[in-house]
Amino acid sequence: MATNSLFQAGNLMFRTRFAPSPTGYMHIGNLRTALYAYLLAKKHQGVFILRIEDTDQSRNVPAALAAIYNGLALAGISYDEGPDKDGGKGPYVQSQRLPIYKKHAEELIAKGSAYYCFCQKDDKPDTEDQPAHPDLTRDPCRLLTEAEVQARFAQGLTPVVRQRIPESGSTSFVDHVYGKITIDNAQLDDQVLLKSDGFPTYNFANVVDDHLMEITHVIRGQEYLSSTPKYNLLYQAFGWQIPEYIHLPLILREDGAKLSKRAGDPSFEDLVKLGYLPEAIVNYVALLGWSPGNDREFFTMQDLIAAFDMDRIGKSSAAFSIDKLTWLNGEHIRAMDPAAFHRAASPFYPPEVQALDAEKISRLIQIRVEKLTDIPNMVRFLSALPDYSAELFENQKSKATLASSAEVLKRVIPLLGALENWDNESLFAALKEFASAQGYKTGTLMWPIRTALSGLPASPGGATELADLLGKQETLRRLRIGLAKLEN
RNA sequence: GCCCCCAUGGUCUAGAGGUUAGGACACAGCCCUUUCAAGGCUAUAACUCGGGUUCGAGUCCCGAUGGGGGCACCA
């Protein structure tokens, strides 16, 4: 790779990565991280890499790898290098890189930047659930002599490898979104690099892999902001070039709580099942923490690649609003070409409705659908007339009363029964003409027809559109039912 | 407890010293209309607080408050 010459030319070859751990689903925060990493790479004609961080054996969910592939594919995010797409920097699965981490850990020990620690897990209090954390103290093993280390090995103890953090001083770095961050080394703990099972921790593997895979821009959540100095100390110990950092603000719930699957917040896949279009979710998520700098909100993936700019990522956390997603989803649905919408909508039509002209139905409902899952309820009345009460025929806005409705239905049934051309235009023309000839307001005439045909206070289409859809016979049947209700 | 980060309407945000503080979602009303949507228009609604700096501060500095994150052989 001519990476170095590109660096010299000031024409950085961007290489970004998405490094999920296989948990079984993609949550919204992960989706955004993947998206931004992808956008940044593509924006600069760079390379986007997928790396699997499966270093926690206890958490590894076997089928979860498929979930990652599916999630990315669904989102329209394709990677240039990954487990099943070799780019010469693999393997791209951390559990297959164990010898690499071991070798690098040993190099650090030799350099004095890491040490073996023989403390057993229960030598230290379990601090995981404790809200307050005591001041950290340096691990006693960091003072072990070579002879003491050998003695412990001889006893058969299996150590972990810890990073040796400098006693004093501070470490700074510049983050693309947060600016300059400085942390006192005294705040940094001698974190575990290699676990006793031989697996690396995230803290170690991410540094080694990002370097070896020549990642130029590290994009991750801001929860890593305060541990980044530890990583930089590692880069320095190895003598490696430190990558650019882009830490992303958190995504919260609207009530300010953290977004979590456990609390019932939907994952990316869940949202798709709820009837949201992947492209709408991607569009929405892109806007959570990033703004194009103008009023534009509707973006396709291609639009996003063109518009994305890491310097326009915000610092404050954003709340996930399902309402706004729903609106944006509607925008995407309306923007689809009718054939594409019909394809997306078809699976949501009940079989009985499929018997009707489903394409025509799709044309009618496209503008009214916010989520694909709205469809079944929206079209159910077409196959089965709901039981409704005669009061539905009363509508102030249309100036329709029970009496006017009964009169209209009585007169319109023979009129329509005699109509030859049964399509929306003919129906509308005939009814409109009848209305003006007989002195009815259009609404007064149409309301009872629409109501009788749908049995609903609102329907995805007006009187003649529904009549067209239902066909002459069913239309007349429903009109007679309506009239019967009114005459009782 | 220690450290780090953040702060514009209910929500997402624009704003890089001088603006009637702009847009979007949601909400309400009106128009359009073959019901509902969609679309158009209108309304309500924000710079957390306190000190500075400056002729002038949402914008810069300090402090407070509030919120979030980190301090695992998790990532």
Side-chain angles (χ1 to χ4, degrees), chain A residues 19-21 23 53-56 58-59 117 119-121 124 126-128 130-136 158-162 175 177-179 181-184 186-189 191-197 199-203 205-206 220-229 247 249-250 252 254 256 258 284 287-297 314-328 330 334 365-370 378 395 397-398 400 424 427-428 431-432 435 442-443 445-447 449-451 453-454 456-466:
Chain A
S21 58
T23 55
E53 309 230 328
D54 58 346
T55 56
D56 183 356
S58 65
R59 277 199 189 189
C117 169
C119 299
Q120 296 305 296
K121 275 180 202 168
K124 296 186 175 187
D126 182 14
T127 53
E128 190 175 350
Q130 292 176 10
H133 195 273
D135 289 330
L136 54 96
T158 50
V160 301
V161 174
R162 284 186 187 277
D175 180 86
V177 349
Y178 289 98
I181 309 283
T182 301
I183 299 202
D184 288 337
Q187 287 299 323
L188 275 20
D189 67 333
Q191 63 181 350
V192 170
L193 267 21
L194 225 48
K195 307 180 218 176
S196 53
D197 64 3
F199 276 70
T201 59
Y202 164 84
N203 299 313
N206 96 81
R220 52 157 80 118
Q222 62 128 258
E223 62 267 29
Y224 296 102
L225 209 48
S226 44
S227 37
T228 297
H247 285 92
L250 254 45
L252 305 173
E254 280 196 275
K258 197 175 173 178
Y284 177 67
L287 262 12
L288 247 26
W290 171 80
S291 154
N294 54 39
D295 291 338
R296 171 122 97 121
E297 298 196 284
K315 301 175 179 182
S316 49
S317 45
F320 182 92
S321 163
I322 196 77
D323 278 347
K324 185 131 188 186
L325 202 216
T326 301
W327 165 77
L328 195 54
R334 278 167 236 129
I365 67 172
Q366 179 168 6
I367 201 170
R368 297 167 233 257
V369 171
E370 286 194 298
M378 195 176 273
N395 184 272
K397 209 182 134 195
S398 301
N424 184 46
L427 284 159
F428 188 68
L431 255 14
K432 190 90 174 169
T442 309
L445 183 83
M446 296 293 190
W447 177 263
I449 301 173
R450 191 207 62 77
T451 301
L453 295 185
S454 65
L456 297 170
S459 53
T464 63
E465 288 161 326
L466 297 185

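Letters go in sequence order (proteins before strands), and every chain restarts at 1.
Atom-to-atom, CG of A:Asn203 to C1' of B:rA72 comes out at 9 Å; the value is rounded to the nearest Å. Rounded to an integer number of Å, the gap from A:Leu225 CG to B:rC71 P is 13 Å. Summarising the geometry, the separation between CD on A:Glu223 and C1' on B:rG69 is reported as 8 Å, rounded to the nearest angstrom. One interatomic measurement links the two molecules: CZ of A:Arg220 to C1' of B:rA75, which rounds to 11 Å at whole-angstrom precision. Separating the OH atom of A:Tyr202 from the P atom of B:rA75 is a distance of 10 Å, rounded to the nearest angstrom. Rounding to whole angstrom units, OH of residue A:Tyr224 and P of B:rG69 are separated by 14 Å. Spacing between atom CD of A:Gln191 and atom C1' of B:rG70 amounts to 12 Å, rounded to whole angstrom units. Atom pair A:Leu445:CG and B:rU34:P shows a separation of 11 Å (rounding to whole Å applied).
Taking atom C1' in both B:rU42 and B:rU48, the straight-line distance is 30 Å, to the nearest Å. For the C1' atoms, the distance linking B:rC47 with B:rG10 amounts to 16 Å, nearest Å. On the P atoms, B:rG18 is 46 Å away from B:rA72, given to the nearest whole Å. Look at the C1' atom in both B:rG67 and B:rG29: the space between them is 36 Å, to the nearest Å.
Note on A:Thr55: only backbone sugar-phosphate atoms sit closer than 4.0 angstrom, heavy atoms only; bases stay farther off. Nucleic acid contact for A:Ser454: none, since no nucleic acid atom lies under 4.0 Å from a heavy atom of the residue. The residue A:Val192 sits close only to the backbone: its heavy atoms come under 4.0 Å of sugar-phosphate atoms, none of a base. Within 4.0 Å of A:Asp175, counting heavy atoms only, lies no atom of the nucleic acid at all.
Taking the nucleotide of RNA chain B with the nearest heavy atom to each of A:Asp184 and A:Pro20, the more 5' of the two is matched to A:Asp184. Place A:Asp323 and A:Phe428 on RNA chain B by their nearest nucleotides, and A:Asp323 ends up nearer the 5' end.
The phosphate of B:rA75 has neither OP1 nor OP2 within less than 4.0 Å of any side-chain N or O from A:Thr201.
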Contact list (N/O, under 3.5 angstrom) for nucleotides 35-39 of chain B vs protein:
| residue | atom | partner | partner atom | Å |
| --- | --- | --- | --- | --- |
| B:rU35 | O4' | A:Arg450 | NE | 3.3 |
| B:rU35 | O2' | A:Pro457 | O | 2.9 |
| B:rU35 | O2 | A:Ser459 | N | 2.6 |
| B:rU35 | O2 | A:Ser459 | O | 3.0 |
| B:rU35 | O2 | A:Ser459 | OG | 3.3 |
| B:rU35 | N3 | A:Ser459 | O | 2.6 |
| B:rU35 | N3 | A:Gly461 | O | 3.0 |
| B:rU35 | O4 | A:Arg368 | NH1 | 3.3 |
| B:rU35 | O4 | A:Gly461 | N | 2.9 |
| B:rU35 | O4 | A:Gly461 | O | 3.0 |
| B:rU35 | O4 | A:Gly462 | N | 2.9 |
| B:rC36 | OP2 | A:Lys397 | NZ | 3.3 |
| B:rC36 | O2 | A:Arg368 | NH1 | 2.9 |
| B:rC36 | O2 | A:Ser459 | O | 3.4 |
| B:rC36 | N3 | A:Arg368 | NH1 | 2.2 |
| B:rC36 | N4 | A:Arg368 | NH1 | 3.4 |

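With sequence neighbours left out, A:Trp447 forms a side chain to side chain donor-acceptor pair (under 3.5 Å) with A:Thr451. Every ring-ring contact (aromatic ring centres under 6.0 Å, His included) that A:Tyr202 has, sequence neighbours left out, goes to A:Tyr224. Applying the side chain to side chain contact (heavy atoms under 4.5 Å, CB included) rule to A:Pro249 yields the partners A:Arg32, A:Tyr178, A:Ile313; only residues at least two apart in sequence or on another chain are considered. Listed by chain and residue number, nothing satisfies the side chain to side chain donor-acceptor pair (under 3.5 Å) test with A:Ser317 (two or more places apart in sequence, or in another chain).
A salt bridge links A:Lys324 with A:Glu297: the closest approach of a Lys/Arg side-chain nitrogen to an acidic carboxylate oxygen falls below 4.0 angstrom.
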Protein heavy-atom contacts under 4.0 Å, written 5' to 3' over nucleotides 6-15 of chain B as B (base), S (sugar-phosphate only) or - (none), form the string SS---SBSSS
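When distances are taken from the side chain of A:Thr442 to each of B:rA75, B:rG69, B:rU34, the shortest belongs to B:rU34. Nearest nucleotide to the A:Ser196 side chain, out of B:rC73, B:rC3, B:rU34: B:rC73.
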